[in-house]
Amino acid sequence: MILEKTQLIEITDNLSASDNVKKLEFAADIINKGGTVCFPTETVYGLGANALNAAAVKNIFEAKGRPQDNPLIIHLDCIDNAEKYCFAEQNQYLEKIKPLFPGPITAIMKKRDNIPGIVTAGLPNVGVRVPLDPVAHMFLSLCKVPVAAPSANLSGKPSPTCAQHVINDLNGKVDAIICSGNSSVGLESTIINLVSEPPMLLRPGGITYEKLCSLLGKVSISDAVLSEMKPDDVASAPGMKYKHYAPKSPVFLVIGNLEEFKNFLIEKNFFEKFAVLAFAEDIQNLNLNNIFNIGSYTNPEEVARNIFSCLRATDEICGIEKVYVHITDDKTGLNLAIFNRLLKASSYHIIDLRG
Ligand code: TXA
Ligand code: MG
């Protein structure tokens, strides 16, 4: 840290009010001086430092407790600035997906020498993201340098979708936290590797696989999206081998209709203390303690926004041994990203009740 204690920087609704601008200038100044600043984005909150300053970037890994072989992505205020840090213009695929920027997407391209090896964990490619969130956009424009940022959680925990999550994890470990509203997407960005042939989806997110196919034609899906990586697998998606999104109690995904799910929980209720994440339509019917509403079956956007905070909320209940999450087997659209995060959160533990 370059400051003695973490500064909490509250941004109010009217972003262009001079008070807010001054606060974001102060935050950008911390970045330019080599400090660390957490900032809101529409996906999740990020923990940023000047990507061109290797010493500053090292502080990100320390604050999060993140293994140094897991690369960071860089954040820019405009995709047209990507050319300064990677070979963007010669990438035939970037042109095709440019309409998706700014937005919940990260493009992996061949990096230039000005991006230090610590950012990419020694890889020749770098991930570039341009957030749509207006606070993120103003902050990044004021920084005038690319901002390396992973999600602003302690390594392994669910990503933060509100300022309080960031405060819980990183207060005292970073120089500042920009506190704004809840993340509107609620899941980290879609990561597409534009260097591989055809482009490869490394992490599903707010920009769907179907959308990418419509712009790029053929898109492959990394094995890491739906299956567990073995320690000796070639890491096309380096982050995927680590534990992710895990609350304190072990998570189990349960697949089956409401009746099957209800009977399962009634039985478990005799001998286990657990929390349940269930769909809005079923909450009343399940009639249990420690039940969290993830949103409607028909509204994956709502589920995406809620899922990380529901996982975190289970940590607040004393004495629970397990978390059961009701899931469907729909993997289309945004559901692929939700399923991917829940798979990682549960370390691939699925209980299939379907008869
Ligand atoms: O929405 C997001 O992407 C958020 C916000 C803050 O922008 N950031 C984020 O960063 O989720 P992080 O570090 O938590 O996740 C980035 C993922 C990691 O799994 C990392 O391994 C992978 O991207 N990654 C980064 N650079 C890569 C590269 N050059 N090649 C392959 N994967 C890469
Ligand atoms: Mg992360």
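Every number for a ligand or one of its atoms is a count from 1 in the order of the listing. For reference, positions follow the sequence shown, starting with 1.
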Ser151 N/O/S atom closer than 2.8 Å to the Mg ion (ligand 2):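 Looking at Ser151, which is the residue asked about, there is an N, O or S atom under 2.8 Å from the Mg ion (ligand 2).
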Just let me know how [X] lines up against ligand 1, side chain, backbone, both or neither, with a heavy-atom cut-off below 4.0 Å.
X      : result
Thr120 : neither
Ile191 : side chain
Arg66  : side chain

Residue pair [X] / [Y], side-chain donor-acceptor N/O under 3.5 Å:
X      : Y      : value
Tyr297 : Asp330 : no
Ser189 : Arg203 : yes
Glu281 : Ser296 : yes

Lys344 to Tyr245, cation-pi by 6.0 Å centre distance and 45° axis angle: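 That pair does not qualify as a cation-pi contact.
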Ring centroid separation Phe264 to Tyr324 under 6.0 Å: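 They qualify: ring centres under 6.0 Å apart.
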Close aromatic pair by centroid cut-off 6.0 Å: His75 and Phe39: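 Between His75 and Phe39, the centre distance is under 6.0 Å.
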Out of [options], whose heavy atom sits nearest [atom]?
atom                    : options                        : result
atom 3 (O) of ligand 1  : Ser189, Ser196, Pro160, Pro67  : Ser189
atom 24 (N) of ligand 1 : Pro124, Pro131, Pro71, Ser155  : Pro71
atom 9 (C) of ligand 1  : Ala224, Ala148, Ser151, Gly127 : Ser151

salt_bridge(Glu83, Arg112) N-O dist < 4.0 Å: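 Salt bridge between Glu83 and Arg112, a charged N being under 4.0 Å from a carboxylate O: yes.
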Ion pair check, Lys98 and Asp80, cut-off under 4.0 Å: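 Yes, Lys98 and Asp80 are salt-bridged.
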Result of checking Ile283, Ile307, Leu342 against Ile294 for side chain to side chain contact (heavy atoms under 4.5 Å, CB included):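 The single option meeting the side chain to side chain contact (heavy atoms under 4.5 Å, CB included) with Ile294 is Ile307.
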Where ligand 1 meets [X] - atom numbers and elements under 4.0 angstrom, heavy-atom basis:
X      : value
Asn70  : 18 (C), 20 (C), 21 (O)
Asn125 : 29 (N)
Leu202 : 31 (C), 32 (N)
Ile108 : 27 (C), 28 (C), 29 (N), 30 (N), 31 (C), 32 (N), 33 (C)
Gly46  : 6 (C)

Polar contact flag for His75 and ligand 1 (N/O pairs, less than 3.5 Å):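 The answer is yes, given that His75 and ligand 1 share an N or O pair closer than 3.5 Å.
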Min N/O separation Arg203 to ligand 1 under 3.5 Å: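 By distance alone, the answer is yes.
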